[in-house]
Amino acid sequence: MARNVIKLWYAGTWYALPAEWTDRYGAQPAAETSTVTAAAYQEGLLWRAIGANPPGAKAPGYGSWAQPPRIADRYLKGATR
């Protein structure tokens with residue numbers, strides 16, 4: 001259960017509980033994978049952690065696709081090239 005809560009914080013998606021859980025406690029509405037809300041998906045910690053916008057939401061702006069992606073210096077520290 002704790003693992004699913006952490007995934008929810010990061011991805012904004014509730015993932016199906018393992019079969020062992022549903023066998024023991026019975027099938028519940030939360031037993032299926034689903035996006036909690038559009039806002040939860042858009043504000044998931046995952047997007048801040050990787051420095052990206054969520055696909056299909058928070059577009060970076062008109063014409064931004066014409067330029068190569070900019071990676072903030074804080075993400076490059078310690079990275080090998």
How far apart are the closest heavy atoms of Tyr41 and Pro55, and which atoms are they?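 Minimum heavy-atom separation between Tyr41 and Pro55: OH-O, 2.9 Å.
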To check you understand the geometry: which heavy-atom pair defines the closest contact between Gln42 and Trp47, and what is its length?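 Scanning both residues completely, I find the closest heavy atoms to be O-CD1, 3.7 Å.
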Once you round to the nearest 0.5 Å, how far does CE of Met1 lie from CG of Asn4?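 One gets 7.0 Å once the value is rounded to the nearest 0.5 Å.
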What's the separation between atom CG in Leu45 and atom CG in Leu8, rounded to the nearest 0.5 Å?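 If I round to the nearest 0.5 Å, the distance is 9.5 Å.
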Tell me, please, which residues at least two apart from Glu43 pass side-chain hydrogen bond (donor to acceptor under 3.5 Å, both in side chains).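 Here the qualifying residues are Lys58.
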Report the residues that fulfil ring-ring contact (aromatic ring centres under 6.0 Å, His included) with Trp21, sequence neighbours left out, ordered by chain and then residue number.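 Partners of Trp21 under the ring-ring contact (aromatic ring centres under 6.0 Å, His included) test: Tyr25.
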With sequence neighbours excluded, tell me which residues meet side-chain contact (heavy atoms from CB on, under 4.5 Å) with Ser34.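 Checked Ser34 against side-chain contact (heavy atoms from CB on, under 4.5 Å); matches are Trp14.
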